[in-house]
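Here is the structure we will look at, set down as structure tokens.
Worth knowing before you read on, the calculation uses all heavy atoms, side chains too, and leaves out hydrogens, waters and symmetry mates. Since we're looking at a predicted model, the values are computed, not measured.
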Amino acid sequence: MRLQSYPTLSVVLSCTCPLMLASLAHLHTNNCSSIFAHPPMLIQTQINPTLKIPSFSRKPIQTHTLKDICLRGNLKEAFQSLPVSSNDHPDETYAPVLELCAQKKALSQGLQIHAHMIKSCSVSESVFLATKLVFMYGKCGSVRNAEKVFDQMGQRSIFTWNAMIGAYVSNGKPFEVLQTYKEMRVLGVSLDAYSFPSLLKASGLLKNLYLGAEIHGLAVKFGYDSTVCVVNSLVALYAKCDDLFGARRLFGRIDQKDDVVSWNSIISAYSSNGRSMEALELFREMQKAGLDSNTYTVVASLQACEDYSFRKLGKEIHAAVLKSAQLLDAYVAGALVAMYVRCCKMSEAVRTFNKLEEKDKVAWNSVLTGFIQNGMCSEALHFFHDFQNAGEKPDQVTVISILVACGRLGYLLNGMELHAYAIKNGFDLDLQVGNTLIDMYAKCSCVNYMGYAFNRMPEKDLISWTTVIAGYAQNSYALKAFELFRELQLIDIDVDPMMIGSILLACSELACVPQVKEIHGYIMRRGLSDVVLRNMIVDVYGECGNIDYAVQTFESIQFKDVVSWTSMISAYVHNGLANEALELFHILNKTNIHPDSIALKSALSAASSLSALKYGKEIHGFIIRQNFSEGSIASSLVDMYSRCGMVENAHTIFKSIQSKDLVLWTSMINAYGMHGHGKVAIDLFNKMKENLTPDHVAFLSVLYACSHSGLTAEGRQFFEIMKYEYQLEPWPEHYACLVDLLGRANCLEEAYEFVKSMQMAPTAEIWCALLRACQVHSNQELGEIAVQKLLELGSTNPGHYVLVSNVFAAKGRCKDAEKIRSRMKERGLKKSPGCSWIEVGNRIHTFMARDKSHPECHHITKKLDQITEKVEKEGGYIAQTKFVLHNVEENEKVKMLYGHSERLAIAYGLLKTAEQTPIRVTKNLRVCGDCHTFCKLVSKLFGRELVVRDANRFHHFEDGVCSCGDFW
């Protein structure tokens with residue numbers, strides 16, 4: 001402390017001044033008599049140059065000027081001016097040099113001075129010099145050497161004790177301060193005014209207000225409670241112990257507030273406790289009182305400018321600093337840089353930094369950290385290159401900042417280079433560096449090195465464990481995450497909500513409901529169940545398919561936030577309960593909580609799955625009214641409109657977005673593909689490639705577009721481009737899509753050879769695509785191979801077994817078909833029943849095959865009979881019973897066809913919607929060939945456009961023609 005050390009030294013020096021002056025006078029007199037006593041000799045010297053003048057040692061003159069040299073701060077010159085021996089006046093010789101070493105924190109030079117003193121004089125006999133040594137070692141951070149000197153002293157003054165406790169305080173050892181204080185009390189050492197600042201600072205470091213109050217009482221008892229340095233230290237103590245009221249009360253008792261240090265203490269007290277406005281108000285009061293600010297005032301005021309809202313005040317302080325040039329030193333400049341960083345004004349921070357004449361490592365690290373905090377990771381790396389070019393050597397803070405940037409950018413190689421540097425310099429053993437390394441490797445999906453960094457750490461805290469468990473969970477190593485969590489529970493570290501969040505993520509990855517229940521119970525027992533964790537539990541139960549538990553947890557949340565509602569809506573959507581999701585979204589809009597972008601995306605997804613155009617438009621309107629940026633959810637809007645059959649609206653949204661990302665382009669390509677506009681989708685894909693690099697999903701979308709439009713050659717070409725030009729290894733979905741494309745084009749042998757040439761084992765979806773093509777084109781030989789391969793895989797998808805069963809039934813192999821259905825039952829698999837729905841008015845009306853549950857069932861059945869009669873008489877419709885694969889009578893097969901769910905939905909649409917408006921129907925399964933013919937005739941004879949979305953694609957029926965070209 002400034003007030004604790006330097007005044008003490010001034011008192012000591014004042015005691016020795018008479019002796020020093022007498023000595024210097026004596027030396028000066030002797031020198032003058034030697035040189036100027038014989039004027040004739042001087043005259044002779046001028047007349048006769050050959051006369052030799054006796055040489056005199058100049059070292060006494062250097063001793064005379066050594067203090068001045070030290071005051072100039074030139075340590076090298078001071079060393080050169082030291083006498084070989086200083087037995088006569090060691091105090092005057094060594095004291096200023098030791099002070100300079102302390103000021104420069106030059107430990108190496110201080111040790112040399114100490115050695116020089118031991119050789120030239122007896123240090124132990126000089127309390128004054130020994131005190132100076134204790135003080136120097138404390139300032140240089142060598143507490144151990146300070147203790148050695150202190151312990152070897154036969155006599156100690158109060159200045160010695162103050163120097164020792166000052167050394168402990170300045171090196172962050174408050175417990176040793178208190179131990180020394182107790183020893184002083186036992187020995188009866190009387191405290192002086194300069195003892196209290198160190199003792200009070202130690203109490204503040206320990207946040208021990210009780211101890212601080214005891215020392216405060218002693219200060220009052222000894223009459224030092226009005227001494228300025230003691231009052232300032234008391235203010236700082238109460239502030240550090242979070243007693244701002246006490247600090248302000250002490251400050252208010254000062255009669256004459258004309259000491260700038262007192263103002264600095266109270267301003268710093270409020271600033272360090274996050275009371276920024278009060279700190280800045282005190283700064284204003286100080287200015288009104290007419291006191292001149294110093295460096296500490298400016299730094300404390302700048303620290304009070306804690307975020308973006310204080311940017312104007314920060315600039316005002318900066319302007320005042322520029323007007324008063326003496327205030328602009330390295331500390332103020334560093335505080336200005338830090339202030340602009342906190343206020344998110346990085347351009348100003350860099351501009352201020354560039355104006356610094358001397359840029360220390362703290363200033364470099366402040367700007368570097370600022371770039372990271374403001375999400376400017378690329379700029380941070382560029383700035384780091386400037387840092388290296390300036391010849392600076394990275395320390396722990398630098399390494400941590402750059403590792404964070406590498407992690408966020410996914411720059412694994414750069415991160416590994418920095419890791420190697422950290423190992424070379426021993427930084428990787430630092431706790432914070434180790435934690436950041438784990439996080440960097442986790443973000444770069446390099447799990448092996450992440451585990452290595454974790455295992456290498458000598459000490460691990462809760463952050464270490466949380467980061468590594470989160471890293472495993474986020475990179476789909478759920479079992480490893482659980483293993484570490486079990487290991488953590490065996491050691492004495494308390495689990496926090498963030499750790500539980502990572503474990504819940506692992507549960508979601510495993511989709512293991514019993515594990516989720518176990519973690520849920522653990523949370524309840526440990527009392528960790530806050531809103532954030534309950535929201536996560538809702539989300540995880542939803543991901544694991546246990547919607548009932550998700551609902552129970554959601555309803556148990558007393559004070560729901562927007563994340564609570566969003567998690568529940570997303571859970572409904574994930575489990576195919578779109579109606580419930582939209583209903584909950586409607587309830588949310590009646591509360592005071594405004595949906596966020598994730599809630600809106602979930603609601604749009606629900607509307608998409610239902611093809612609920614009216615609901616989708618309502619949500620779009622809400623987005624516009626609430627001034628949401630359409631760009632952030634544009635891909636969801638495009639997907640919603642395309643799945644509701646409005647590809648034109650989807651394209652309008654797409655065109656309106658200025659900056660299109662890869663997801664938006666992919667959504668639009670997929671939209672055109674599912675509506676049968678394959679060539680438009682290809683043109684859009686080629687246009688996208690001009691500015692963006694397509695990924696696996698983009699290629700999958702264009703391949704589907706080719707498949708739905710029968711563009712076989714183009715599909716083959718895109719598959720080759722993906723694999724060889726873009727070096728993207730195809731997913732099983734890409735293979736299945738190309739097999740489907742070749743199969744539809746009746747290139748069955750080529751499709752089979754393609755499957756055999758795959759580098760990975762063909763999945764059930766791939767054999768299913770080939771089998772479906774064989775069924776359409778009646779290739780029994782390849783079909784039999786596909787059936788055997790499909791059954792060998794033991795798929796858990798009931799649709800695959802239904803397809804095999806239908807293939808057998810179509811061939812008249814009823815017993816084989818029955819065996820397949822029995823196998824389904826044994827495995828607990830059920831066929832999804834055919835279901836269609838239509839949006840009429842404000843409701844979604846759902847129909848099952850031959851459904852009688854609708855309230856208007858009688859009118860619907862009557863209308864469907866009328867439609868069927870008309871298409872039979874005027875359109876020549878004849879039911880194609882080959883599409884009914886049940887072993888029943890022919891007339892029963894006809895009834896089954898007439899009762900298909902999409903026909904009921906179409907009949908209801910004709911019954912309830914206005915003429916000339918499109919009828920939009922969605923079905924969960926693929927439309928059969930007979931219903932496809934039926935829809936074409938209805939569109940022609942009733943003059944209505946039918947938009948039917950089945951499990952594969954959209955069918956736009958108009959005037960007897962379908963957009964799929966009978967290819968679906």
What is the distance from atom [atom1] of [X] to atom [atom2] of [Y], rounded to the nearest 0.5 Å?
X	Y	atom1	atom2	answer
Phe719	Leu738	CZ	CG	6.0 Å
Lys873	Lys870	NZ	NZ	11.5 Å
Glu733	Trp731	CD	CH2	7.0 Å
Glu869	Leu864	CD	CG	11.5 Å

Q.
Run the salt bridge (charged side-chain N to carboxylate O under 4.0 Å, His left out) test against Asp816 and tell me which residues pass, sequence neighbours left out.
A.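 If we apply the salt bridge (charged side-chain N to carboxylate O under 4.0 Å, His left out) test to Asp816, skipping adjacent residues, the hits are Arg813.
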Going by atom types only, do [X] and [Y] share a side-chain donor-acceptor pair under 3.5 Å?
X	Y	value
Asn797	Ser795	no
Arg944	Thr917	yes
Ser836	Ser901	yes
Glu890	Thr881	yes
Ser570	Ser602	yes

Verify the neighbour count for atom [atom1] of [X]: are there more than 12 heavy atoms of other residues, nucleotides or ligands below 6.0 Å?
X	atom1	value
Lys590	NZ	no
Glu915	CD	no
Gln780	CD	no
Lys940	NZ	no
Tyr549	OH	no

Q.
For Asp740, is there an ion pair with Arg744 - N to carboxylate O distance below 4.0 angstrom?
A.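 Yes.
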Q. Are any of the side-chain nitrogens in Glu902 or Lys923 under 4.0 Å away from the carboxylate oxygens of its partner?
A.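 Judged by the 4.0 Å cut-off on N to carboxylate O distance, Glu902 and Lys923 do form a salt bridge.
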Q. Could you walk me through whether His845 and Tyr908 pass the ring-ring contact (aromatic ring centres under 6.0 Å, His included) check?
A. CA-CA 9 Å; His845 299 265; Tyr908 189 69; 4.8 Å; yes
Looking only at heavy atoms, what is the nearest atom pair of [X] and [Y], with distance?
X	Y	result
Leu771	Gly783	CD1-O, 3.5 Å
Lys863	Ala907	CG-O, 3.6 Å
Leu897	Gln880	CD1-O, 3.5 Å
Tyr801	Ile820	O-CG2, 3.3 Å
Leu941	Val871	CD1-CA, 3.7 Å
Ile838	Ala905	CD1-O, 3.7 Å

Q: Show your working on ring-ring contact (aromatic ring centres under 6.0 Å, His included) between His854 and Phe847 and close with a plain yes or no.
A: CA-CA 8 Å; His854 196 278; Phe847 300 91; 5.2 Å; yes
**Q.** Ser642 and Asp639: CA distance, side-chain angles, deciding distance, side-chain contact (heavy atoms from CB on, under 4.5 Å) verdict
**A.** CA-CA 5 Å; Ser642 64; Asp639 188 62; 4.3 Å; yes
Q: Please step through ring-ring contact (aromatic ring centres under 6.0 Å, His included) for the pair Tyr735 and Phe754, ending with a clear verdict.
A: CA-CA 9 Å; Tyr735 285 109; Phe754 176 75; 5.5 Å; yes
Q: Classify the ring geometry between Phe685 and Phe718 as parallel (under 30°), tilted (30 to 60°) or perpendicular (over 60°).
A: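 Ring orientation of Phe685 relative to Phe718: perpendicular.
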Q) So His675 and His956, would you call those rings parallel, tilted or perpendicular, with 30° and 60° as cut-offs? A)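 If you compare the ring of His675 with that of His956, the planes turn out tilted.
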Q: Flag this pair as yes if the NZ/CZ of Arg903 is under 6.0 angstrom from the six-membered ring centre of Tyr898 and inside a 45 degree cone about the axis; otherwise no.
A: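 No, Arg903 and Tyr898 do not form such a contact.
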Q) Please walk me through it: do Ile669 and Tyr704 pass side-chain contact (heavy atoms from CB on, under 4.5 Å)? A) CA-CA 10 Å; Ile669 292 166; Tyr704 272 123; over 6 Å; no
Q.
Keeping Ser608 on the side-chain end and Leu604 on the backbone end, is there a donor-acceptor pair under 3.5 Å?
A.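 Side chain of Ser608 to backbone of Leu604: a pair is present.
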Q.
Checking the side chain of Arg949 only, and the main-chain atoms of Gly645 only, is there a donor and an acceptor separated by less than 3.5 Å?
A.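 Not at all, since once roles are kept as given, no pair shorter than 3.5 Å links the two residues.
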(Q) For a ring-ring contact (aromatic ring centres under 6.0 Å, His included) check, start with the C-alpha distance between Phe585 and Trp565, then their side-chain angles and the critical distance, and finish with the verdict. (A) CA-CA 8 Å; Phe585 181 77; Trp565 292 90; 9.9 Å; no
